[in-house]
Amino acid sequence: MATEIDFLREQNQRLNEDFKRYQMENFSKYSSLQKAVCQGEGDDTFENLVFDQSFLASLITEYDKHLGELNGQLKYYQKQVGEMKLQLENVIKENERSELSRQKLHTQELLSQLEMANEKVVENEKLILEHQEKANRLQRRLSQAEERAASASQQLSVITVQRRKAASLMNLENI
C-alpha cells in the first residue's frame with residue numbers, strides 16, 4: 001500500500017511539472033499578471049492565475065485522462081496484489097498440509113516402531129517365562145535327585161554298616 005501511495009505522489013509531482021510546462025508552452029496566451037506569476041514573480045502560487053476557459057478545459061481533460069490511466073493502473077495493481085495474496089494463502093495452506101502429512105508419516109513410523117518393540121517385549125516376556133518354568137522344573141528334578149542321592153547314600157551307609165557287621169561276624173565265627 002505504501003508503494004502505491006509513493007507511486008501516486010510521483011504521478012502528482014509529474015502532473016504538476018507537466019502543468020507548469022504546459023503553461024510555459026502556452027505563455028503567450030497569458031496576461032502580463034499571469035506571465036509574472038508563471039515566471040516565479042509575485043507570491044509564486046497558481047491560485048492567482050486567471051485561466052481562459054479553453055485552457056482550463058483542455059487541462060482538466062488532460063488531467064482526467066491521466067487520472068483515468070492512473071486509476072486503471074491502480075485497479076490493475078490492486079488486482080495483482082489480491083491475486084498474489086490468494087497465491088500466498090494457497091502456498092501457506094499447502095505448506096501446512098505438507099507439514100501435517102510429514103508429521104503424520106513420522107508419527108505412523110514411530111507407532112510402527114513402537115508396535116514392533118511391544119511385540120518384542122511380549123515375545124521376550126514369553127521366553128523369560130518359558131526359561132523360568134524350565135529352570136523351576138530343573139530345580140525340582142535336581143532337588144528330587146539330591147533327595148534320592150541322599151536316600152541312596154543313607155541306604156548305602158546302612159548296607160555298608162550291615163556288611164561290616166556281617167563281615168565282622170564272619171571273621172569272629174572263623175576264629
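When Glu119, Glu123, Glu125 are each tested for a side-chain contact (heavy atoms from CB on, under 4.5 Å) with Val121, only one passes: Glu125.
In summary, the side chains of Gln80 and Tyr76 do present a donor paired with an acceptor at a separation below 3.5 Å, with no hydrogens or angles considered. If you check the side chains of Gln11 and Arg14, you find a donor sitting under 3.5 Å from an acceptor.
Going from atom CG of Asn12 over to atom CD of Glu17 covers 10.0 Å, rounded to the nearest 0.5 Å. To the nearest 0.5 Å, atoms CG (Leu114) and OG1 (Thr107) are separated by 12.0 Å. Here CG of Leu111 is found 10.0 Å from NE2 of His106. Values are rounded to the nearest 0.5 Å. Once rounded to the nearest 0.5 Å, the distance linking CD of Glu94 with OG of Ser101 reads 8.0 Å. Considering CD of Gln13 and CG of Asp18, their distance stands at 11.0 Å, rounded to 0.5 Å. Atom CG of Asp64 is separated from atom CD of Glu69 by 11.5 Å, given to the nearest 0.5 angstrom.
In terms of modelled atom types and a separation under 3.5 Å, the side chain of Ser157 and the main chain of Ser153 share a donor-acceptor contact. Under the 3.5 Å distance criterion, the side-chain polar atoms of Ser168 are matched with a main-chain donor or acceptor of Arg164.
Between Lys65 and Glu62, none of the side-chain N atoms (NZ, or NE/NH1/NH2) sits under 4.0 Å from a carboxylate O, so this pair counts as no salt bridge. Contact check on Glu99 versus Arg102 returns a salt bridge, with a Lys/Arg side-chain nitrogen under 4.0 Å from an Asp/Glu carboxylate oxygen.
Contact annotation: the side chain of Lys104 never approaches that of Leu100 to less than 4.5 Å [non-hydrogen atoms, C-beta and beyond]. Within the 4.5 Å cutoff, the side chain of Leu127 has heavy atoms near those of the Glu130 side chain. Between Phe7 and Leu74, the closest side-chain pair of non-hydrogen atoms is not below 4.5 Å.
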Exercise for the section: Could you give me the CA-CA distance, side-chain angles and deciding distance for Lys85 and Leu88, then say whether side-chain contact (heavy atoms from CB on, under 4.5 Å) is met? Expected result: CA-CA 5 Å; Lys85 283 181 182 179; Leu88 179 61; 5.6 Å; no
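The hydrophobic cluster containing Leu15 also contains Leu67, counting ILVMFWY residues as joined when their side-chain heavy atoms lie under 4.5 angstrom apart, directly or transitively.
Under the side chain to side chain contact (heavy atoms under 4.5 Å, CB included) criterion, Ser143 pairs with Gln139, not counting sequence neighbours.
The two residues Arg97 and Asn90 have their closest heavy-atom pair at NH2-O, 4.4 Å.
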